[in-house]
Amino acid sequence: MKRIGIVGTGSYVPEKVLTNYDLEKILDTSDEWIYTRTGIRERRVAAPDQAASDLAKIASERALEAAGMSPEDIELIIMATITPDTHCPAGANWLEAKLGAVNAVSMDITAACSGFIFALSVAEQYLKNGVFKNALVVASEVMTRTVDWTDRASCILWGDGAGAVVLKEVSDESGILSIHIHTDGLNGDTLLLPGGGSKTTPISHESVDKKLHFLKMIEANQSFKVAVRKFAEACEEALDYNGITLDEIKLIIPHQANLRILQGMAKQLGISMEKVFVNIDRYGNMSSATVPVALDEAVRKGLIQKGDLILLTAFGGGLTWGSALIRW
Ligand code: UT7
């Protein structure tokens with residue numbers, strides 16, 4: 001069986017920084033409340049002329065450079081996003097054009113905050129089956145465009161960014177050892193973006209007045225508890241499947257939903273936070289983009305060396321969750 005590995009990583013976050021102190025000026029909130037409840041200090045906001053494909057383009061170029069490849073080399077592009085430039089064409093189609101990836105076929109995956117792991121699993125299958133020789137998997141989100149800036153309970157969480165990886169067959173012991181993905185559609189109505197789909201189109205004065213085009217979090221503290229449990233279960237599933245223990249894992253790179261969720265996960269797994277990569281303080285929750293942005297940061301900081309085992313895990317709207325165990 002072919003083994004598929006990550007041969008290059010890249011990421012990009014927009015220049016504009018929005019701090020908790022900036023939010024204090026427009027909301028009844030405080031840096032202290034946001035930081036203690038979420039671990040977030042600041043987040044990035046895309047420029048008005050930047051859509052998801054623009055962020056994705058820069059992240060992808062950096063990943064391709066790291067892989068020593070050019071856009072024309074790419075055969076498959078999968079973009080995870082819940083904030084594509086447009087629903088038709090797909091975000092990935094815009095990216096394909098902007099990159100000049102003239103030999104690629106491109107498509108989007110919608111799996112909210114777990115999108116990167118879902119996209120990775122789809123790309124891995126195509127490569128294992130030999131349909132394509134390589135793939136660019138990118139997650140890009142402009143979450144700040146979906147945010148109701150008057151809803152202090154949720155708007156403080158989100159930020160914009162993009163991360164990308166290049167996948168290819170590898171011939172040594174490195175590569176993706178397992179990917180597990182799960183969904184629970186029956187309980188998906190706690191994290192939702194009700195407007196913009198066929199249920200609420202055409203957009204009407206009424207749908208805009210009802211703020212249906214903004215992200216809603218219903219019973220957020222309930223999804224907090226589910227998230228802790230699902231993150232831990234996803235990690236355990238990957239360990240059990242591969243017959244390894246947490247001691248053998250160099251770094252867990254989780255979706256950055258809330259620092260307290262990650263601390264809850266670490267407690268449930270019985271590990272210290274030193275094993276858990278955290279950058280939520282600087283970027284907030286960038287939905288599907290958090291995992292590849294964190295992965296790229298960890299790689300570029302030298303936190304991951306050849307041969308290390310790393311565990312990616314995510315949980316989000318859908319509900320969706322999953323894991324990927326990778327030997328670097
Ligand atoms: O990425 C997908 C996965 N992510 C999630 O599932 C999100 C999970 N949920 C969370 O991260 C947390 O539930 C939140 C950060 C959204 C909220 O934290 P919490 O500790 O669950 O707070 P809460 O909703 O229970 O609110 C506590 C209090 C309330 O006041 P009262 O009713 O106790 O008087 C809120 O009105 O804090 C108030 N509050 C705020 N105060 C200052 C809510 N938002 C704010 C705010 N600033 N921004």
Side-chain angles (χ1 to χ4, degrees), residues 13-48 50 52 55 81-83 112-114 139-162 189-196 207-228 230-231 254-267 273 276-291 293-294 297 314-317 319:
V13 290
E15 277 71 46
K16 186 179 170 187
V17 177
L18 184 70
T19 67
N20 293 346
Y21 295 108
D22 295 326
L23 290 175
E24 283 182 2
K25 293 177 196 149
I26 57 165
L27 286 170
D28 179 16
T29 191
S30 65
D31 171 61
E32 204 260 332
W33 191 97
I34 299 172
Y35 186 67
T36 53
R37 296 286 176 134
T38 69
I40 300 168
R41 289 272 188 218
E42 60 189 41
R43 69 286 293 142
R44 299 299 178 99
V45 179
Q50 283 182 315
L55 275 50
T81 185
I82 53 168
T83 53
C113 302
S114 313
S140 183
E141 305 283 9
V142 188
M143 295 304 293
T144 58
R145 304 253 163 85
T146 69
V147 160
D148 175 2
W149 291 106
T150 64
D151 176 10
R152 68 175 183 168
S154 74
C155 74
I156 48 120
L157 291 170
W158 306 101
D160 303 336
D189 53 359
T190 48
L191 283 167
L192 78 162
L193 219 171
S207 69
V208 173
D209 289 346
K210 285 185 175 165
K211 299 185 172 181
L212 294 183
H213 307 278
F214 292 133
L215 201 69
K216 312 257 183 266
M217 294 186 76
I218 293 141
E219 296 176 8
N221 35 25
Q222 197 50 38
S223 34
F224 185 103
K225 289 179 204 149
V226 179
V228 171
K230 292 299 182 193
F231 270 117
H255 165 53
Q256 311 282 307
N258 181 322
L259 179 60
R260 289 188 301 131
I261 291 178
L262 304 186
Q263 289 165 337
M265 171 196 78
K267 194 171 164 205
M273 280 300 284
V276 181
F277 188 88
V278 175
N279 65 5
I280 193 172
D281 50 322
R282 284 172 291 132
Y283 305 133
N285 183 344
M286 300 179 287
S287 192
S288 67
T290 60
V291 171
V293 169
E297 276 199 358
F315 166 82
L319 299 171

**OP:** Would you name the heavy atoms of A289 and G161 that are closest together and state the gap between them?
**Re:** CB-O, 3.3 Å
Original post:
Taking the side chain as C-beta and beyond, is there a heavy-atom pair between F315 and M265 under 4.5 Å?
Top reply: no
**OP:** Could you pull out all residues at least two apart from T19 that satisfy side-chain hydrogen bond (donor to acceptor under 3.5 Å, both in side chains)?
**Re:** D22
Original post:
Under 3.5 Å, is there a donor-acceptor pair between the side chain of S140 and the main chain of A52?
Top reply: yes
Original post:
Rounded to the nearest 0.5 Å, how far does CE of M286 lie from NE2 of H255?
Top reply: 9.5 Å
Subject >> Smallest separation among heavy atoms of F231 and A314, with atom names >> reply: CE2-CA, 3.6 Å
Original post:
Within a strict 4.5 Å, meaning less than it, do heavy atoms of the T144 and W149 side chains meet?
Top reply: yes
Subject >> Separation between CD1 of I156 and OH of Y35, rounded to the nearest 0.5 Å >> reply: 13.5 Å
Subject >> Nearest heavy-atom neighbours spanning M273 and L262 >> reply: SD-O, 3.8 Å
Original post:
Taking atom CG of D151 and atom CG of L27, what is their separation to the nearest 0.5 Å?
Top reply: 9.0 Å
Original post:
Between the main-chain N or O of A47 and the side-chain N or O of E15, is there a donor-acceptor pair closer than 3.5 Å?
Top reply: no
Original post:
Going through the distances and angles, do L55 and V142 end up as a side chain to side chain contact (heavy atoms under 4.5 Å, CB included)?
Top reply: CA-CA 9 Å; L55 275 50; V142 188; 4.1 Å; yes
Original post:
Do you know the tightest heavy-atom contact between A266 and V276?
Top reply: CB-CG2, 4.4 Å
Subject >> Donor-acceptor contact below 3.5 Å, side chain R44 vs main chain P14 >> reply: yes
Original post:
Salt bridge between R41 and D31, side-chain N to carboxylate O under 4.0 Å?
Top reply: yes
**OP:** From the options N285, L157, N20, D281, select the one residue that forms a side chain to side chain contact (heavy atoms under 4.5 Å, CB included) with R43.
**Re:** N20
Original post:
Would you say the side chain of E297 lies within less than 4.5 Å of the side chain of R282, judging by non-hydrogen atoms?
Top reply: yes
Original post:
Backbone N or O of K216 within a donor-acceptor pair of the K211 side chain at under 3.5 Å?
Top reply: no
**OP:** Could you please spell out the steps behind the side chain to side chain contact (heavy atoms under 4.5 Å, CB included) verdict for S287 and I82?
**Re:** CA-CA 8 Å; S287 192; I82 53 168; 3.8 Å; yes
Original post:
Where do G316 and C113 come nearest, in terms of heavy atoms and distance?
Top reply: CA-CB, 3.8 Å
Original post:
Can you check side chain to side chain contact (heavy atoms under 4.5 Å, CB included) on Y21 and E42, steps first, answer last?
Top reply: CA-CA 9 Å; Y21 295 108; E42 60 189 41; over 6 Å; no
Original post:
Given side chains that start at C-beta, do those of R152 and L23 come closer than 4.5 Å, heavy atoms only?
Top reply: no
Original post:
Distance from F224 atom CZ to T38 atom OG1, nearest 0.5 Å?
Top reply: 10.0 Å
Original post:
Does the side chain of D189 reach to within under 4.5 Å of the side chain of I218, using non-hydrogen atoms?
Top reply: no
Original post:
Looking only at heavy atoms, what is the nearest atom pair of R37 and R260, with distance?
Top reply: O-NE, 2.8 Å
**OP:** Using the test side-chain hydrogen bond (donor to acceptor under 3.5 Å, both in side chains), find all partners of E141 that sit at least two apart in sequence or belong to another chain.
**Re:** T81, T83, S288
Subject >> I280 CD1 to L259 CG distance, which is reported to the nearest 0.5 Å >> reply: 7.0 Å
Original post:
When you measure from the side chain of Q256 to the backbone N and O of N279, does any donor-acceptor pair fall under 3.5 Å?
Top reply: yes
**OP:** Determine, stepwise, if the pair S207 / H213 fulfils side-chain hydrogen bond (donor to acceptor under 3.5 Å, both in side chains).
**Re:** CA-CA 7 Å; S207 69; H213 307 278; 3.0 Å; yes
Subject >> Spatial distance of atom CG (D160) from atom CG (L18) [nearest 0.5 Å] >> reply: 10.0 Å
